[in-house]
Amino acid sequence: MPRELITVQVGQCGNQIGCRFWDLALREHAAYNNRGFYDEALSSFFRNVDTRVEPSRSLSVGDGRSPIRCLKARSVIVDMECGVIQEMLRGPIGEVLDTRHMVSDVSGAGNNWAHGHEVYGKQYGGAILESLRHAAEECDSLQGFLLLQSLGGGTGSGVGSYIMEMLADEFSSTYRLASSVFPSEDDDVVTSPYNAMLSLARLVEHADIALPLENQALIDIANRSGVEESGAHPHHHPSSGLPSSSSSASASSSSSNAVAVGASRGSTRKPKPFDSMNSIVASMLLHLTSGMRFPGSLNVDLSDLAMNMAPFPRLHFLVSGFAPLPLAAANSAAANSAAIDKMRLADTSKSIDQLFNAAFSKEHQLIKADPRRGTYLSCGIVVRGSGATISDVNRNVAKIRPTLRTAHWAEAGGFKLGLCSRPPLGHPNAILSLANNSAVSNTFQAIRERFDKLYKRRVYTHHYEQYMDLSLFGEAVEAVTDVAQRYREIDNQMLEPNPIATYKRRPMGLTFL
C-alpha cells in the first residue's frame, strides 16, 4: 500500500529547500528505478499523470509496472512574493511542480509575522485549504504533511503558522511534520526574534513532530563539506537557487525520460553559496523518509516517529544529526554517476561504527547543541545501506547507550531503530540520529533572549500592532517558556541521585522495539 507525503513549501526559504528536495529525490529514485516504472516508492512523493487526455488524469500504481507518463510532485507551494515561484517554474524542475497547487501574491509579508498570519493567511486561507484538500484527495493512503518554512521572515513564519493551524483543524487525524529553519543570532532581519517566537509557539501547539534547524549550524556543516558559504542564510537570497535535475538522467541509460523529468531543461549555472545548505536539509529529509519509499528489514515511517519519539504532547522537537555529511560534489548540479561512484568508493573506509559515533557528535547536529550534554527523552536511528545489518545496529546501540543520559522510561528500550537497504547517492551507508533531547531548550532560550532584547523596549512593535493584539507576544512567550522549562525539568531531575523517585511525570502510550 503506497504511503504518501504531501510537502507544503512556504516562503522563500521553504521553497528553496523544496527545490533541492525535489531535485535530489528525482535523482535518488532515478538511480534505483532504472526501468522507468511508476512504483510504490515513487508514489510516496509523486503522482503519475497521463497528459494525453484532457483533462489529465492520475494513474494508479497498480502492480508497479506501469510506465511513467509525467511525474507531478505531491506539494502545495505558497509564497507571497511571486518571483520565487516564477523562478521555480522556469527552472529545471518546473515540469514536476503542479501549478494548480500554487498560491502567491506580489508584495510579500515584509518580514512581519502578523502581516503574513493575519492578512495573507486569512486572505488566501480558502485557496490554500482547497489546494491541500485536492492534493489529499489524490492520495490513496495519506500519511502526513511536511511543512518547509523559515521562522525568521514574514511569509514562512506567518503564513506557515496559519497553515499549521489549518492542518490541525482540517486534517487532525493526519500527522503534521515541520522542518523549520531557526534564525541565527546575527540574522539580518531585525524583527526575526519576534517572528521566531510567534511561529515557535504555533509549532508547540499544533505540530506532531518538529525538526528544528539552525542557520549557523548549516553554515558550519556546509563549510566542513567543502563549500564556502560566505555567511549566506538560505532565506535571505533573492533567487531560488534552483538545482539541475539533469544528473538524474545519467543514473541509468535505460531510465524513462519521465523519471529524469527536467533533464532536457538542465542548467549549467554555477552553484550558489546556499545550495549546499539547502542540500543538507533536503538530504536529511530524504533520509528521514527513506523507510516510506524503499525496502528494508526494519522500516520506519511518520506514524512510528510520532508514536515513539514524542513521550509528551508538547515535547515533540527532534534534534537531527547524520553521517557522513552530504558531499557537496554529490549534491551539485554538475554531479554525474561516475563522480558519485568514485566518491562512494572513497567513502567505504568509514565503518558503521565510525558513522554511529559521528552521527551522535556535536559537529554533525543540525542545530547548535550537543545532545550528549542533555537528557534523551527518546532516540531514533535510521540506517541506510546494504552494508549494515541489524546486528551491527544493535551492537552500536549497546555500545553508545551507556554514554548517553536517558530518561528513566527510555533506559530499557528507548531507541527506535530503522534499517533501509537503499543508501543515499554518493555513500554506501549513512546514519540519521533523531534525539528528543533537553539540549533543544538552549535553542529556545536563545530565541527568548533575543526576543526580550527587542520587546523590553517595545521597538518595532507598532508594525505588528497594525495587524494583531500585542497580547499574542505574551501568549507565545508563555508557551515557548513552558516547553523549555519542561525540558530543563527532566534534565535537572535526571541529574539527581535517584531520578526515578523524584520525577513524577510519566509518558503514556509509548511503544518501543
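Numbering starts at 1 and runs along the sequence shown.
Residues F182 and D187 fail the side-chain proximity criterion, which asks for heavy atoms closer than 4.5 Å. In this structure, the side chains of W113 and M197 stay at 4.5 Å or more apart for every pair of heavy atoms. Looking at heavy atoms from C-beta onward, Q149 lies in side-chain contact with L203 at the 4.5 angstrom threshold. Within the 4.5 Å cutoff, no side-chain heavy atoms of T191 are placed close to those of H463. A heavy-atom distance below 4.5 Å is found between the side chains of W22 and Q9.
In terms of the side chain to side chain donor-acceptor pair (under 3.5 Å) criterion, residue partners of E118 (sequence neighbours excluded) are, by chain and number, K122. Shown here are the side chain to side chain donor-acceptor pair (under 3.5 Å) partners of R405, two or more places apart in sequence or in another chain: T375, D491.
The pair R47-E4 does not count as a salt bridge, with every side-chain nitrogen at least 4.0 angstrom from each carboxylate oxygen. At a threshold of 4.0 Å, the pair K368-E185 does not count as salt-bridged, since none of the basic side-chain nitrogens sits closer than that to a carboxylate oxygen. Look at R74 and E138 and you find no salt bridge, because none of the NZ, NE, NH1 or NH2 atoms lies under 4.0 Å from a carboxylate O. At a threshold of 4.0 Å, the pair E87-R90 counts as salt-bridged, since one of the basic side-chain nitrogens sits closer than that to a carboxylate oxygen.
When each of H115, H462, H117 is checked for a ring-ring contact (aromatic ring centres under 6.0 Å, His included) with Y467, only H115 meets the rule. Each of V281, L151, I280 was scored for a side chain to side chain contact (heavy atoms under 4.5 Å, CB included) with L213, with one residue passing: V281.
Ring pair F312/W409: centre-to-centre distance below 6.0 Å. Residues Y162 and Y120 keep their aromatic ring centres 6.0 Å or farther apart.
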Below 3.5 Å, can you tabulate the donor-acceptor pairs from side chains in residues 475-484 to any protein atom, sequence neighbours excluded?
| from | atom 1 | to | atom 2 | distance (Å) |
| --- | --- | --- | --- | --- |
| T481 | OG1 | R448 | NH1 | 2.7 |
| T481 | OG1 | V477 | O | 2.7 |
| D482 | OD2 | R314 | NH2 | 3.3 |

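Seen from the ring of Y455, R458 counts as a face-on cation partner, given the 6.0 Å and 45° thresholds.
To the nearest 0.5 Å, atom CZ of residue R176 and atom CG of residue L167 are 7.0 Å apart.
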Using side-chain hydrogen bond (donor to acceptor under 3.5 Å, both in side chains), reason through Y194 and N111 one step at a time and then give a plain yes or no.
CA-CA 10 Å; Y194 288 159; N111 296 322; over 6 Å; no
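Between the side chains of Y464 and N195, at least one donor-acceptor pair of N or O atoms lies under 3.5 Å.
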